[in-house]
There are 2 protein chains.
Amino acid sequence: MELAAAKLKFIEAWGKLGSEWGINRTMAQVHALLLISPDALTTEEIMEELSISRGNANMTLRDLIGWGLIEKQHKAGERKEYFFADKDVWNIARQVAKERKKRELEPVLKVLNELSAVSGDEKDPAFKTFKKSVKDINKLAGNVDKTLETMLKAEESWFWGSVLKAFK
Amino acid sequence: MELAAAKLKFIEAWGKLGSEWGINRTMAQVHALLLISPDALTTEEIMEELSISRGNANMTLRDLIGWGLIEKQHKAGERKEYFFADKDVWNIARQVAKERKKRELEPVLKVLNELSAVSGDEKDPAFKTFKKSVKDINKLAGNVDKTLETMLKAEESWFWGSVLKAFK
DNA sequence: TTAAACTTTCAATAATTTTTGAAAGTTTAT
DNA sequence: ATAAACTTTCAAAAATTATTGAAAGTTTAA
C-alpha cells in the first residue's frame with residue numbers, strides 16, 4: 001500500500017474508533033492527521049486535508065488542546081498558528097486516561113459513594129440487591145482507579161513490564 | 001437517601017456513563033434497572049419503569065442479550081418473557097471487555113497490521129513518521145490485548161491481586 | 001490609524017442517532 | 001381453526017449531535 005492511501009485509511013480507522021468510544025469522529029481524525037504529520041500544520045491545511053469547515057477545524061483544534069493532545073506552535077515571522085501532536089503514544093494514552101478519568105469516571109464514583117449511604121429495610125430484597133450492586137461496582141471502580149493512578153505516573157516499559165510479569 | 005430516589009439516581013448515572021462511552025443511554029439504563037432488581041422483569045414492567053415505548057424496550061433488550069449482559073427467563077405456566085441481568089460485576093466487566101475487544105479493538109488491530117506493510121521512501125519524513133506512529137500504536141495495542149486476554153480468563157481476586165501487587 | 005491577516009463565535013442547517021407506536025408476526029390454548 | 005397473549009418490525013418523527021460559513025473579533029505591521 002502507498003503512503004497516501006495508508007494515511008487515509010489510518011485517519012478513517014482512528015475516526016471510527018473514536019466515535020465508537022464517545023469521541024467526536026472529526027476530533028479523532030484531526031488528531032490522527034497531526035499524529036502522522038512530521039510537521040506542524042495550519043488550520044488551513046487541516047481544513048483542506050480533511051474537507052472540513054473553518055469553524056469546525058477551529059473548534060476541534062481547541063478541543064484537542066483541551067484534551068492535552070496537541071499544541072500550538074508559532075513560527076518566527078509568521079502570523080499563522082501551527083498545530084502539532086505529541087507523537088509519544090504512551091503520553092497520548094496517559095493523557096486520554098487522565099482526562100476521561102477526571103471528566104467521566106470521577107463524577108460516577110462520586111454518585112456511587114453517595115448511593116452507598118442509601119437507607120432502607122435490610123430485609124427487603126430490593127434494598128439488599130441495590131446495596132450489593134453499588135458496593136461491588138464501587139470495589140471494581142476502586143481497583144480500576146488505583147491502576148489508572150499508577151499508569152498516569154509510570155513509564156511505559158516499567159508499567160507493562162510489571163503488568164505482564166504479574167500474569168506469568 | 002431513600003431507595004426509590006437512589007434507584008433513579010443510579011439509573012441516571014449509569015445511563016450517562018454509558019452514553020459517554022459510546023453505549024446507547026437507554027440500553028445502559030435498562031441494564032442498570034435489571035442489575036438492581038432482585039427479580040426478573042417483563043418488557044411491560046421495564047417500559048413502565050423507564051417510560052419508554054414497546055419498540056424501544058424490545059430492541060434494547062435484544063441488544064443487551066447480544067452483549068451477553070442479560071438473559072430471558074420463562075416462568076412455568078406463563079406466556080410472558082422475563083429478563084434478568086447477571087449480577088456479578090466482574091462477569092459484567094469481562095463481558096463488556098470481550099465484546100468491545102471483538103467489535104472494535106480487533107477491527108482496528110487488523111487495519112493497523114495492514115498499515116504496517118505500507119511502502120515508501122525511507123528518507124521521507126512523512127513516511128518515517130507514519131511508520132513510527134503505526135508501530136508504536138501496534139505495540140501499545142498488543143499489550144492492551146494481552147492484558148485483556150488475561151482478564152477474560154481470570155478470577156477477579158487473582159487478577160487484581162496480581163496487578164496491584166505488581167505496582168508495590 | 002488603517003487595513004490586512006488571521007482567529008473565534010454562533011445561529012442556522014445538516015447529519016446522525018434514537019424513539020415511537022401501530023401493524024404484522026408468532027405462539028399457545030382451546 | 002380461532003382468538004387471545006404476547007413479541008417483533010420498521011417507517012416516520014423526535015431528539016441529539018455535528019457542521020457550516022459569514023460576521024465579528026483580534027493582532028500585527030506599516
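Each chain gets a letter, A, B and so on, in the order its sequence line appears, and its residues count up from 1.
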Would you find a donor on one side and an acceptor on the other, under 3.5 Å apart, between the side chain of K87(A) and the backbone of A85(A)?
-> yes
For DNA chain D, what residues of residues 37-61 of chain A have any heavy atom nearer than 4.0 Å?
-> S51(A), I52(A), S53(A), G55(A), N56(A)
Can you give the first and last nucleotides of DNA chain C, 5' to 3', that have an atom under 4.0 Å from a heavy atom of chain B?
-> dT18(C) to dT28(C)
How is R25(B) classified with respect to the nucleic acid when contacts are heavy atoms under 4.0 Å: base, sugar-phosphate, or nothing?
-> nothing
Taking R54(A) for its side chain and T43(A) for its backbone only, find out whether a donor-acceptor pair lies under 3.5 Å.
-> no
Donor-acceptor contact present, side-chain D145(A) to main-chain A141(A), <3.5 Å = no
Taking every non-hydrogen atom, the tightest pair across W67(A) and Q95(A) = O-CG, 3.0 Å
Quick one: on DNA chain C, does R79(A) or I23(B) contact a more 5' nucleotide (nearest heavy atom)?
-> R79(A)
K80(B) atom NZ is separated from dA4(D) atom P, nearest whole Å, by 17 Å
Got a sec: does the CD of E48(B) have more than 12 other heavy atoms crowding it under 6.0 Å?
-> no
If you draw a 6.0 Å radius around CD in E2(B), do more than 12 non-hydrogen atoms from other residues or ligands fall strictly inside?
-> no
Distance, nearest 0.5 Å, that separates CD1 of I46(A) from CD1 of I70(A) = 6.5 Å
Is it possible for you to check whether K146(A) lies under 6.0 Å from the centre of the six-membered ring of F167(B), through NZ or CZ, and within 45° of that ring's axis?
-> no
